[in-house]
Protein chains: 2
Amino acid sequence: MHGGRDDEGEPVIQSIDRAAKILTLLQGSRRMGISELAAALDLPPSTVHGIVKSLQAHGLVAQQPSGNRYVLGPALLKLSSVYLDTLDVRARAMRWMHELSSRTGLATRLGAELFGEVIVIHHDRRPDGTEQMPETGLTIPSHASALGKVLLAYDSAHAADALSRPLAALTADTVTDPEQVRAGLEQVRREALGFENEEAVIGESSVAAPVCSEDGDVVAAVAVVMPSTDWPPSDALIGALRDAARSISRDLGAPTWPPRPPAPARA
Amino acid sequence: MHGGRDDEGEPVIQSIDRAAKILTLLQGSRRMGISELAAALDLPPSTVHGIVKSLQAHGLVAQQPSGNRYVLGPALLKLSSVYLDTLDVRARAMRWMHELSSRTGLATRLGAELFGEVIVIHHDRRPDGTEQMPETGLTIPSHASALGKVLLAYDSAHAADALSRPLAALTADTVTDPEQVRAGLEQVRREALGFENEEAVIGESSVAAPVCSEDGDVVAAVAVVMPSTDWPPSDALIGALRDAARSISRDLGAPTWPPRPPAPARA
DNA sequence: GAAAGCCATTCGATAATACCGAATCGATTG
DNA sequence: CAATCGATTCGGTATTATCGAATGGCTTTC
């Protein structure tokens, strides 16, 4: 009952807070007018206008040629590009993920936690020449993905956050009961593997393994994405995935792999 | 002399302006402390601290585990992902770029203008299976790239902006004289093609063509990137590039291609 | 074709707000 | 163990963003 994130009373600068909320709103519904934003935030239009114009001056939002609708701006792209460059995990992972994709013939993803969801930090395509959407930057609900289950299993704060709100059903197979999800995490910890079979996208399944940093924490997860027709994953595939996860972790200076579960478990 | 961008006296909200400047600083030098930022902005550390914390609350910046240094945050990645999704140009271009990459065996880029530079909006890799850095989000100086030359040629505001400041020499072959760059644009307009031979990266050359929108404006440019050993590009390659540029423009509803130059040119 | 409604935008007064300087806490170094 | 450097907290003050009302541009409607 007393849990939450925004009633903490943290000292946040009002206008920046509002600006960030506007960006988040534009993230949800792509193109919005001033008064639309104003209504959503319960603020006078003139206030919103000032904020939006300030964001626009820095390219963080842009108004489309049509005139009176605003969208996210190009400066965000450059910022995110630099953000990706600062991530050691990603830099180290890229090489092994490419190898993993080559060996398995499947797409691979690297994910980390962002506000209770999973954000894809790197994506290596299937090596066949087909056209594939870039997935870097996508966010996926934690409870419905292999990546998410792994991250949940080793980060209790993340788990508490993600499982405290109602879980969306993305397909018929999505597990929407928090307790059931939580129960599954036990096994994830035991095997250091997370599975997901058509729980997020129909026809698509995945397996994920944890990636550890220098001080043994799980900072990310790698996944292999496969067509559901290939389910369950072969031992060879799982072996390759574990190899990749171990290699990345080793490159990062992790002392052990698989990681020791955080919660006390009697021998 | 009287030209400029930031002395316009536009009504910008102070704290948002400062927040954006902090993001830009973090974009330049990856990891900075509070006092470092404060020095750069000539502000008291406590002020900067407040702003940074507010940004942090929304995931726009993050402090690294080490403790007292800040970096750009993961929320930017999600925002940029949505930004990319809102771009029709990109959505339409992806398919044709993939075909272009397949036909030529080379990497292709789609670029647009951002504050006088070129930002890469989409990148299709070389179809060989080699590991390649994702280039989406990179920015390239306009004067040293084929993409940039095309964009400059059709957007006089962009040209005025980009060529008013000193031009960086990225390689020995970079053209750093604004007038010389400007002179080259004439030919770009005539051929609807921009060329660049080792002017940005040694061993790499590229050719670009304009992409037009519904109302005939040049909104982006497509480029093929090739090893300099293949220079000059074959007619077949240029043909394929033109085909792609025309197809994308057509999909966008452009009335004509190649675009009519903006400057009055007597028949 | 004219009028009305909608929405973005501008302006100026007000008080709420973010800013700043000084003090505190924590970490790192000699 | 002492001292320095930096991040962080706190509270008073004045700058600053906010808001309401008025304007202007655009599309819609009758």
Side-chain angles (χ1 to χ4, degrees), chain A residues 5-26 29-73 86 214-215, chain B residues 5-26 29-73 86 214-215:
Chain A
R5 59 148 33 105
D6 44 23
D7 54 354
E8 260 290 320
E10 300 239 343
V12 240
I13 294 177
Q14 191 184 54
S15 63
I16 296 184
D17 187 52
R18 290 171 170 178
K21 288 198 175 112
I22 287 176
L23 291 177
T24 308
L25 281 168
L26 288 173
S29 38
R30 276 76 207 281
R31 37 203 96 220
M32 301 177 81
I34 293 286
S35 48
E36 208 171 341
L37 288 165
L41 292 172
D42 196 32
L43 288 173
S46 54
T47 301
V48 173
H49 181 254
I51 297 173
V52 169
K53 279 299 172 191
S54 302
L55 290 171
Q56 183 176 200
H58 291 273
L60 296 170
V61 308
Q63 58 190 341
Q64 39 193 185
S66 333
N68 52 4
R69 289 194 110 68
Y70 290 85
V71 295
L72 294 176
T86 62
E214 202 166 3
D215 31 49
Chain B
R5 59 148 33 105
D6 45 23
D7 52 355
E8 262 288 323
E10 300 238 344
V12 224
I13 294 176
Q14 191 184 54
S15 63
I16 295 183
D17 187 52
R18 290 171 170 178
K21 288 197 175 115
I22 287 176
L23 292 177
T24 309
L25 281 168
L26 288 173
S29 40
R30 275 79 207 279
R31 39 203 94 217
M32 301 177 81
I34 293 287
S35 49
E36 208 172 339
L37 289 164
L41 291 173
D42 196 32
L43 288 173
S46 54
T47 301
V48 174
H49 181 254
I51 297 173
V52 169
K53 280 298 171 192
S54 303
L55 290 171
Q56 183 175 199
H58 291 273
L60 296 170
V61 307
Q63 56 191 343
Q64 37 192 186
S66 335
N68 51 5
R69 290 194 109 67
Y70 289 86
V71 294
L72 294 176
T86 61
E214 202 167 1
D215 30 50

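This is a predicted model, so every value here is computed, not measured. Each chain gets a letter, A, B and so on, in the order the sequences are listed, and its residues count up from 1.
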### Query
Going 5' to 3' along DNA chain C, which nucleotides are the first and last within contact of chain A (any atom under 4.0 Å from a heavy atom)?
C/dC7 to C/dC19
Pairs under 3.5 Å (N/O, protein and nucleotides 11-14 of chain D):
none

### Task
Mind checking side-chain contact (heavy atoms from CB on, under 4.5 Å) for A/Ser54 and listing every partner two or more places apart, or none if nothing turns up?
B/Val12, B/Ile13, B/Ile16
### Message
Can you list everything that forms a side-chain contact (heavy atoms from CB on, under 4.5 Å) with B/Glu36? Sequence neighbours excluded, please.
### Response
B/Met32, B/Arg69
Interface polar pairs with nucleotides 21-27 of chain D, N/O, under 3.5 angstrom:
none

### Message
Checking A/Glu214 now: which residues fulfil salt bridge (charged side-chain N to carboxylate O under 4.0 Å, His left out) with it, not counting sequence neighbours?
### Response
none
### Task
For A/Gln63, check side chain to side chain donor-acceptor pair (under 3.5 Å) against everything at least two apart and list the hits.
A/Gln56, A/Tyr70
### Message
The criterion is side-chain contact (heavy atoms from CB on, under 4.5 Å); which residues satisfy it with B/Asn68, sequence neighbours excluded?
### Response
none
### Query
To the nearest 10 degrees, what angle separates the axes at the start and end of the helix from C/dG1-D/dC30 to C/dG30-D/dC1, five pairs each?
40°
#### Entry: Contacts of type side-chain contact (heavy atoms from CB on, under 4.5 Å), residue A/His49, not counting sequence neighbours
A/Ile34, A/Lys53
### Query
Does A/Arg31 have any salt bridge (charged side-chain N to carboxylate O under 4.0 Å, His left out) partners at least two apart in sequence or in another chain, and if so, which?
none
### Query
Near DNA chain D, which residues from residues 34-43 of chain A have a heavy atom under 4.0 Å away?
A/Leu43
